[in-house]
Amino acid sequence: AQSVTQLGSHVSVSEGALFLLRCNYSSSVPPYLFWYVQYPNQGLQLLLKYTSAATLVKGINGFEAEFKKSETSFHLTKPSAHMSDAAEYFCAVSEGGGADGLTFGKGTHLIIQP
Amino acid sequence: DAGVIQSPRHEVTEMGQEVTLRCKPISGHNSLFWYRQTMMRGLELLIYFNNNVPIDDSGMPEDRFSAKMPNASFSTLKIQPSEPRDSAVYFCASSETGNYGYTFGSGTRLTVV
């Protein structure tokens, strides 16, 4: 069965600083990996996805993630934090690439300090 | 495209009442998913359909929950009877097989009092 672990339920960074949100996965087959962001009282918005092409994935608004098979990781980074990045971030895994459901991590709440 | 459309956005009901949540997926998407989000359990997959056929309902918590997809453009999630522990945000998502994209609706916040 697939699973996702997000280390750090809360992460606090200073505005302008680089930040990294951690995601480790478990999957019995080559996975499809996703990062979503959720702002308060809103739905989930896709930031980026890994679909077995390039291991370094670029997403919207300057977000990036690198797929590392040897570490079973898919950490999310952004070089410079903005106040608008304050939100809940979810890592998710799928084994079916759209035909099956996503398994989500518990989420990481990102706090931006001015 | 209008995206995945869910209704209602908010629902407050009394314990024991029937609740029906609705979802219109993106046109052309052939998979539809229902998720529930709570503070305690996070995001849980309840059920999903491929080409209008239920594939996996192992996440449906109890027999009080049921879901249907009568056609490619509409799905419902019904809770009968509702209980306070069903209070959560329910999300619908759709995807197109092979396109590796899941699009979520804005959710329905259900409160059972």
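Reminder, nothing fancy here: chain letters follow the sequence lines and each chain counts from 1.
- The contact between B:Leu45 and chain A is made entirely by side chain atoms (from C-beta outward), counting heavy-atom distances below 4.5 Å.
- Scanning residues 103-113 of chain B against chain A with a 4.5 Å non-hydrogen threshold yields B:Phe104, B:Gly105, B:Ser106, B:Arg109, sorted by number.
- To the nearest 0.5 Å, atom CZ of residue B:Arg36 and atom CG of residue B:Asp86 are 6.5 Å apart.
- Two residues are said to be in side-chain contact when any heavy atoms from C-beta on lie closer than 4.5 Å; B:Ile47 and B:Tyr35 fail this criterion.
- Figure legend: A:Lys78 and A:Phe19 shown without cation-pi pairing, the cationic atom not lying both under 6.0 angstrom from the six-membered ring centre and within 45 degrees of its axis.
- Contact annotation for B:Gln37: only side-chain heavy atoms (C-beta onward) come within less than 4.5 Å of a heavy atom of chain A.
- Side-chain atoms of A:Leu56 and A:Glu64, non-hydrogen and from C-beta on, do get closer than 4.5 Å to each other.
- Here the straight-line distance linking atom CG of A:Leu47 with atom NZ of A:Lys58 works out to 14.5 Å at 0.5 Å rounding.
- In this structure, B:Phe65 and B:Tyr90 have tilted ring planes: the angle between them lies in the 30° to 60° band.
- Here the side chains of B:Thr76 and B:Phe74 are in contact, with some heavy-atom distance below 4.5 Å.
- The contact between A:Gln38 and chain B is made entirely by side chain atoms (from C-beta outward), counting heavy-atom distances below 4.5 Å.
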